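Model, not experiment: these values are computed from the prediction. Index from 1, following the sequence.
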Amino acid sequence: MELKSIEGGAGRIEQSDEALVTIAEYLNEYAKGSVDALYDLGVAFSTGSHGCSTDMIEAHKWFNIAASKGHEEAAWCRADVSDEMTAREIAEAQRRAREWLIDGQRKVA
């Protein structure tokens with residue numbers, strides 16, 4: 001199994017090909033209108049499922065984005081993962097969420 005790098009919480013986190021496919025599928029579902037897909041990304045990163053490496057910063061980021069779009073359970077999960085994070089990690093997750101949202105708005109315009 002070949003591993004690919006994506007930016008993660010403590011530098012660079014290696015993600016498997018399965019994880020990259022999972023991420024692409026969820027983002028594709030979101031593009032079709034599924035806010036649940038963003039929540040599912042948060043779950044994958046918080047639990048280390050679907051080939052994703054556990055990364056609480058990425059999990060918080062996706063739960064935060066889903067919550068900002070009205071996903072109530074994502075808001076609860078964001079609070080749960082926050083309990084396991086430092087203030088600096090939470091700030092990084094929030095920065096990444098803002099950056100992702102801004103990039104999405106640029107693509108729409």
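- Ion pairing of K61 with E92 is absent here, as no side-chain N (NZ or NE/NH1/NH2) approaches a carboxylate O to less than 4.0 Å.
- When side chains are defined from C-beta on, Y39 counts as touching F63, because their heavy atoms get closer than 4.5 Å.
- Between E99 and R95, at least one side-chain nitrogen of the basic residue sits less than 4.0 Å from a carboxylate oxygen of the acidic one, meeting the salt-bridge criterion.
- Taking hydrophobic clusters as Ile, Leu, Val, Met, Phe, Trp and Tyr residues chained together by side-chain heavy-atom distances below 4.5 Å, L27 shares a cluster with I65.
- Annotation for A67 and A74: closest pair N-CB, 3.8 Å, computed over non-hydrogen atoms.
- Cluster membership check: V21 does not share its hydrophobic cluster with F45, using side-chain heavy-atom separations under 4.5 Å among Ile, Leu, Val, Met, Phe, Trp and Tyr.
- Residues M85 and H60 form a side-chain contact, since some pair of their non-hydrogen atoms from C-beta on lies under 4.5 Å apart.
- Side-chain contact between T22 and D40: absent, with no pair of heavy atoms (C-beta onward) separated by less than 4.5 Å.
- Below 30°, between 30° and 60°, or above 60°: for W100 and Y30 the angle between ring planes is between 30° and 60°, a tilted geometry.
- Distance check: R88 CZ to I90 CD1 gives 12.5 Å after rounding to the nearest 0.5 Å.
- Across all their heavy atoms, E84 and M56 have their closest contact at OE1-CE, 3.3 Å.
- Between S16 and G51, the shortest heavy-atom distance links the atoms OG-O, 3.1 Å.
- One distance of note links CD1 of I57 with CG of N64; it measures 13.0 Å at 0.5 Å rounding.
- The nearest pair of heavy atoms linking S46 to V81 is CB-CG1, 4.1 Å.
- Using a distance-only test at 3.5 Å, with no hydrogens or angles considered, no donor-acceptor pair links the side chain of S34 to the main chain of E29.
- Annotation for I23 and C52: closest pair CG1-SG, 4.4 Å, computed over non-hydrogen atoms.
- In terms of heavy-atom proximity, V35 sits nearest to A66 at CG1-O, 3.8 Å.
- Two residues are said to be in side-chain contact when any heavy atoms from C-beta on lie closer than 4.5 Å; L38 and H71 fail this criterion.
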